[in-house]
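Counting from 1, the numbers follow the sequence of the chain as shown. Computed from heavy atoms alone, side chains included, the values below leave out hydrogens, waters and symmetry copies.
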Amino acid sequence: MSAPLTPQNLLPGISNPLALLRKLEWRVRNAVESTLGGIYRSAFRGRGMEFDQVVRYEFGDDIRDIDWNVTARLGEPYRKKFVEEREVTLIVVFEDTPSLQFGSAGISKREALLELAGLVMLLGAVNRDRVGTIHATPRGYTLHEPVRGRGPIMHAAAELFGQPAPDITDGATTAAIPWQLLSRSAPKHSIMIWLGDFAPRPAPEGWPIFQRRYQTMGFRIDDPWERALPAGEGFAAYDPVSGRLVNIGGTSAERAAHARWRETRDANWRALFPDQFSRLQVGTDENRLDALVRFFHRRMSAR
């Protein structure tokens, strides 16, 4: 895809990562204090399979977990707690490719995807999860081991936001995600959220095994022009993948080629994440937090 030739698209980035993170944290905390916190736990954590201990029942806990024997003996409600509730690890895999530097109006896909990654990380921090990150580019990757607590997770998110965008003059279009390293280092049953552009390509080696070992989800940002070319006369745009100006005339042949590309990309996306409740598509013209809330609602209803 192509983007209008602007300085913002040539040099996409976030000028003040900490200021943006504090703004996102305020939005996340407001959402958690209303309904999002419970939805997040229900959507991601599940009920677990391995019993850990009995704890006092609190408002909002699942009544199915109440231990009626202990409750009757002590005279107040207690529930069973499971290992999965106690130790949840969230791995955020950010696949940073030149195609993310496309943006038809005001914001690039990369900026929107970074915001989505930051919201997920801060949500994990508020829910006391362990959060780790992998930032993968065509030149390599940066791995941050999972950490717990607001400060360490904010620091990891700020580092992710501060990473420079891939150099579009290199010619490389795919990122080097260390799947084998990830499969050895992430605890079993971790939540792995893969954020990227998801251009059509084969699945990573051993992907089915990876999906059985972890809760895998894909988050994708779409620009309005990727859904449909704008109507009207032709125009010149900048293509960050090829690094050149492209003339788009809006002919029937170009629109047919665009439709085929979109269908191929969507088919590949569904093949990677067959479960409809494991994939999230958000437009650059949509509110990312609202999209997350809808995603968690769908997962919770499916569970």
Check step by step if salt bridge (charged side-chain N to carboxylate O under 4.0 Å, His left out) holds for Arg265 and Glu226. CA-CA 10 Å; Arg265 182 182 183 222; Glu226 292 178 317; 3.6 Å; yes
Can you check side chain to side chain donor-acceptor pair (under 3.5 Å) on Asp223 and Ser104, steps first, answer last? CA-CA 7 Å; Asp223 187 272; Ser104 64; 2.7 Å; yes
Pair Phe295, Phe277 - check ring pair (Phe, Tyr, Trp, His ring centres under 6.0 Å), show working. CA-CA 7 Å; Phe295 175 74; Phe277 303 107; 8.8 Å; no
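Looking at Val282 and Asp222, their side chains never come closer than 4.5 Å, going by heavy atoms from C-beta outward. Between Pro224 and Thr284 the shortest side-chain heavy-atom distance falls below 4.5 Å. Taking the side chain as every heavy atom from C-beta outward, Gln163 and Phe94 never approach each other to under 4.5 Å. Between Leu280 and Arg298, the closest side-chain pair of non-hydrogen atoms falls below 4.5 Å.
Hydrophobic cluster of Phe198: the remaining members, joined at side-chain heavy-atom separations below 4.5 Å, are Ile91, Val93, Ile134, Tyr141, Leu143, Ile177, Trp179, Leu181, Leu182, Met192, Trp194, Trp207, Phe210, Tyr214, Trp269, Leu272, Phe273, listed by chain and number. When hydrophobic residues (I, L, V, M, F, W, Y) are linked wherever their side-chain heavy atoms come within less than 4.5 Å, Val55 remains an isolated member.
Under the side-chain hydrogen bond (donor to acceptor under 3.5 Å, both in side chains) criterion, Glu76 pairs with Arg56, not counting sequence neighbours.
When only modelled atom types and interatomic distance are considered, Thr137 and Asp96 share no side-chain donor-acceptor pair under 3.5 Å. Side-chain contact annotation: His258 with Glu254, donor-acceptor N/O pair under 3.5 Å absent. When only modelled atom types and interatomic distance are considered, Glu111 and Ser108 share a side-chain donor-acceptor pair under 3.5 Å.
The pair Glu286-Arg227 meets the salt-bridge criterion, with a side-chain N (NZ, NE, NH1 or NH2) lying under 4.0 Å from an Asp/Glu carboxylate O.
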